[in-house]
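Below: the structure, in structure tokens.
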There are 2 protein chains.
Amino acid sequence: MAKRERGTLSRAEIVRVAMEVAEAEGSDALTFRRLGPALGVAPTAVLRHFRDKDELLLAIGAQLLENALAEVDHDEPSWRERIMSLSRATRRAFVAHPRVAALVATRTLRQEAEFRTVELIIGAMEQAGLSGRAAASMYRVVADTVLAWTAFEANVHAVGLDVMRQDGLAWDREYVVLPADRYPHIRGVAEHLSEVDREDQFELALELVLDAVEARGTAAGHLLDGGANGASGDECQPDTLDIAVNCER
Amino acid sequence: MAKRERGTLSRAEIVRVAMEVAEAEGSDALTFRRLGPALGVAPTAVLRHFRDKDELLLAIGAQLLENALAEVDHDEPSWRERIMSLSRATRRAFVAHPRVAALVATRTLRQEAEFRTVELIIGAMEQAGLSGRAAASMYRVVADTVLAWTAFEANVHAVGLDVMRQDGLAWDREYVVLPADRYPHIRGVAEHLSEVDREDQFELALELVLDAVEARGTAAGHLLDGGANGASGDECQPDTLDIAVNCER
DNA sequence: ACCTGAACACCGTTCAAGT
DNA sequence: ACCTGAACACCGTTCAAGT
């Protein structure tokens, strides 16, 4: 070995090469033993910069989130556009590196990139008219919706483009030949099942959540303006399941 | 070894014990080498019943889905209630075995339990008034919403109850001490961030999607038979996205 | 301080051999 | 037909030793 000068290995370079290795050879290939040679270094040298493999994975997750945040226009005046921009950027950043994304998308990162993302979303919630508990609650719905869908999609893409295409065909193949007496509903729409665009669903699911934010924010605004009456006023019961309503005491 | 008569090992028993081992010792412990002794058998004996580890994982996923389907009342007349029932049952079944659930929730199973689930959801979409491409599209939004949230939640639970509680505290600890000048919005609601109930968010996210299904189904019904649609109430306006309105009768 | 190389305690999977 | 045990090609992580 000995192909590289001492002190030239950095966390940033390790993260970069780790992502390359995982995308090129499959996420199973992301091992210290392969990563070392790819960096021109002994496999165990990486452990001088990351305590264990988990710490490396979290750093990769942070990098993906950094990539997403870099694309967001933080001066966009509309809170709704800011959230959509962040969501689309996150989706793009994760799908651009599906194999590593699948490994980290459901992790809690607790790094600076995560703090900044939380800050951005909560700021948007407050601009929408929510505050306190309602803002915290809706932040979580928005964040988890983006993360859950992103993780799901990353997992789908991580299996590889060829397998994915084959999976799409499987909807045509396997589902079309299911016995019609036992699966009449599937047979009725089987031909359409493979046509569905996943990006459209992501957007739709998000729009629905943001509609809810908007409705609740406006209602809360009315309350502040003096209107103690209205649909939302009666819903502020301590035992109600409708957590999104602003029940500030 | 030799603790067990020949021919008494079955796929069902392997799946059952595998789930026990994973929940008791952590999902990392789900290896053939530990599974064998737990079954009173050589580690490689399991390979006589499952081609490889992936096939075992898919069988575990199918079992989880079977558990969920067994709880659903298939004769429930309201399509909306059937979907909610299926969704809650899926959530319960997966959270009841979080460690194995985390391993399989994002997989495509392509087994009988999955076919039956697809059939149930598409049937509900058609009863809601959707058909063809719209039914297929909305099926995917509903199914992916349930799967994505379930997978996400399973991953959260899989880290262990103690770590989870510590994570909850982390919201109090780490987020409360963030510098207020850089993260003013976080500081404003930090005290509420740890109070959010995840089950409520799951329900809310689902209700939002089902509202969309209902709105589209009613609209389609109006187009088809000029206004009267038995499956949905007339008081549900198709263009109303105000999710505070519940169209359930 | 940073890196190496051997060692330790594990993996999944294959395969000839047993019953 | 079903199961065993050895073997093969891998893992992450530790640690004494080098520079």
Side-chain angles (χ1 to χ4, degrees), chain A residues 1-22 24-61 99-100 102-104 107 158-160 163, chain B residues 1-61 99-100 102-104 107 158-160:
Chain A
M1 223 100 319
K3 291 150 191 153
R4 158 195 281 275
E5 292 170 38
R6 295 170 54 87
T8 59
L9 199 58
S10 67
R11 286 173 66 103
E13 190 188 359
I14 293 173
V15 166
R16 186 175 56 76
V17 173
M19 291 171 69
E20 286 173 10
V21 168
E25 305 178 45
S27 52
D28 285 349
L30 184 50
T31 69
F32 287 149
R33 290 179 130 95
R34 296 209 206 183
L35 195 49
L39 286 158
V41 111
T44 51
V46 177
L47 289 165
R48 235 39 53 193
H49 297 82
F50 294 95
R51 190 171 348 136
D52 52 26
K53 195 169 183 182
D54 203 63
E55 196 176 288
L56 172 59
L57 288 176
L58 293 184
I60 290 173
R99 290 193 157 103
V100 284
L103 293 177
V104 300
R107 301 298 307 276
V159 299
V163 179
Chain B
M1 224 103 312
K3 289 149 193 154
R4 159 195 279 274
E5 292 170 39
R6 293 168 56 85
T8 58
L9 199 59
S10 68
R11 285 173 66 102
E13 189 188 0
I14 293 173
V15 167
R16 186 175 55 74
V17 173
M19 290 170 70
E20 287 173 9
V21 168
E23 298 307 336
E25 306 178 46
S27 53
D28 285 349
L30 184 50
T31 70
F32 287 150
R33 291 181 129 95
R34 297 209 206 182
L35 195 48
L39 286 158
V41 109
T44 51
V46 177
L47 288 165
R48 237 34 58 191
H49 297 83
F50 294 95
R51 191 174 346 141
D52 51 25
K53 195 168 182 183
D54 203 63
E55 195 175 288
L56 172 59
L57 287 177
L58 293 184
I60 290 173
R99 290 193 157 103
V100 283
L103 293 175
V104 300
R107 302 296 308 275
V159 298

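Every chain is numbered from 1, with letters handed out A, B, ... down the list of sequences.
- For the atom pair CZ of B:Arg11 and NE2 of B:His49, the computed distance is 9.0 Å after rounding to the nearest 0.5 Å.
- A:Leu35 has its CG atom 13 Å from the P atom of D:dT13, to the nearest Å.
- Note: CZ (B:Arg51) to C1' (C:dT13) measures 13 Å, nearest angstrom.
- In this structure, the CZ atom of A:Arg48 is 10 Å from the C1' atom of D:dT13, given to the nearest Å.
- Between the P atoms of D:dA9 and C:dA9, the separation comes to 22 Å (whole Å).
- Distances shown here put every side-chain N or O of A:His49 at or beyond 4.0 Å from the OP1 or OP2 atom of C:dC2.
- Considering CE of B:Met19 and CG of B:Leu103, their distance stands at 11.0 Å, rounded to 0.5 Å.
- Evaluation of the salt bridge (charged side-chain N to carboxylate O under 4.0 Å, His left out) rule for A:Asp28 yields no partner, not counting sequence neighbours.
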Protein within reach of the bases, or only the backbone? For nucleotides 7-12 of chain C, mark each nucleotide 5' to 3' as B, S or -, using heavy atoms under 4.0 Å. B---BB
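- Taking atom CD of B:Glu5 as the reference point, atom C1' of D:dT4 lies 17 Å away to the nearest angstrom.
- Of all heavy-atom pairs between A:Ala59 and A:Phe50, the closest is CB-CE2, 3.6 Å.
- One can find a donor-acceptor pair under 3.5 Å joining the base of D:dA1 and the side-chain atoms of B:Arg6.
- Remark: the backbone N or O of A:Leu30 is paired with a side-chain donor or acceptor of A:Lys53 at under 3.5 angstrom.
- For A:Arg34, the salt bridge (charged side-chain N to carboxylate O under 4.0 Å, His left out) partners at least two apart in sequence or on another chain are A:Glu25.
- In this structure A:Ala12 satisfies the side-chain contact (heavy atoms from CB on, under 4.5 Å) test together with A:Ser10, sequence neighbours excluded.
- At whole-Å resolution of the value, CD in B:Glu13 and P in D:dC3 are 10 Å apart.
- Consecutive Watson-Crick or G-U pairs involving DNA chain D, each under 3.5 Å on both distances, make up stems of three or more pairs at C:4-8 with D:12-16, C:12-16 with D:4-8.
- B:Arg48 is linked by a side-chain hydrogen bond (donor to acceptor under 3.5 Å, both in side chains) to nothing, counting only residues two or more places apart in sequence or in another chain.
- The distance from the CZ atom of B:Arg33 to the CG atom of B:Leu35 is 12.5 Å, given to the nearest 0.5 Å.
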